[in-house]
Visitor: 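Just passing along the structure, written as structure tokens.
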Amino acid sequence: VSSITDDGTGQYRVNFTNAMPDANYSLTMSVQEDVGGGARYCNGRGTWTSSTAYIESRNSSASYIDPQYFWVSVFR
């Protein structure tokens, strides 16, 4: 990963140092739970390319949120 771009509250772009051969890869993601115990979830968003994956994080009300910690693993 060369960088993470903040596209707005709860929306991020993962930029790869070396492009994948194609967009047929997968990500696993996890975010830290809210301090008050509210659920958070994360998932992919948008159309991935060979050099960029788009991810997002939301709370239990489906509102975008910026978690304190966000973990991503890329598998090809």
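In this chain, numbering begins with 1 at the start of the sequence shown.
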Visitor: May I ask you to decide if Ser63's main-chain N or O and Ser61's side chain share a donor-acceptor pair within less than 3.5 Å?
Guide: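 Side chain of Ser61 to backbone of Ser63: no pair is present.
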Visitor: Report yes if some heavy atom in the side chain of Arg45 is under 4.5 Å from a heavy atom in the side chain of Asp7; otherwise report no.
Guide: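 A side-chain contact exists here, since the closest heavy-atom pair is under 4.5 Å.
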Visitor: CD/Gln11 to CD1/Ile65 distance, rounded to the nearest 0.5 angstrom?
Guide: 11.5 Å
Visitor: May I have all residue pairs that pass ring pair (Phe, Tyr, Trp, His ring centres under 6.0 Å) and include part of residues 56-76, sequence neighbours excluded?
Guide: Tyr12-Phe70, Tyr69-Trp71
Visitor: To the nearest 0.5 Å, what is the distance between CG (Asp66) and CG (Asn59)?
Guide: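 Rounded to the nearest 0.5 Å, the CG-CG separation comes to 11.5 Å.
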Visitor: What pair of heavy atoms forms the shortest contact from Met29 to Cys42, and how long is it?
Guide: CB-SG, 3.3 Å
Visitor: Going through the distances and angles, do Ser2 and Asn15 end up as a side chain to side chain donor-acceptor pair (under 3.5 Å)?
Guide: CA-CA 6 Å; Ser2 62; Asn15 304 297; 5.3 Å; no
Visitor: Applying side chain to side chain donor-acceptor pair (under 3.5 Å), can you list everything that pairs with Tyr25, at least two apart in sequence or on another chain?
Guide: none
Visitor: Give the cluster check for Tyr41 versus Val72: same hydrophobic cluster or not, with ILVMFWY residues linked at side-chain heavy-atom distances below 4.5 Å.
Guide: no
Visitor: Is any side-chain heavy atom of Asn24 closer than 4.5 Å to a side-chain heavy atom of Arg76?
Guide: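 A side-chain contact under 4.5 Å exists here.
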Visitor: Just wondering, do Phe16 and Asn18 contact through their side chains at under 4.5 Å, heavy atoms?
Guide: no
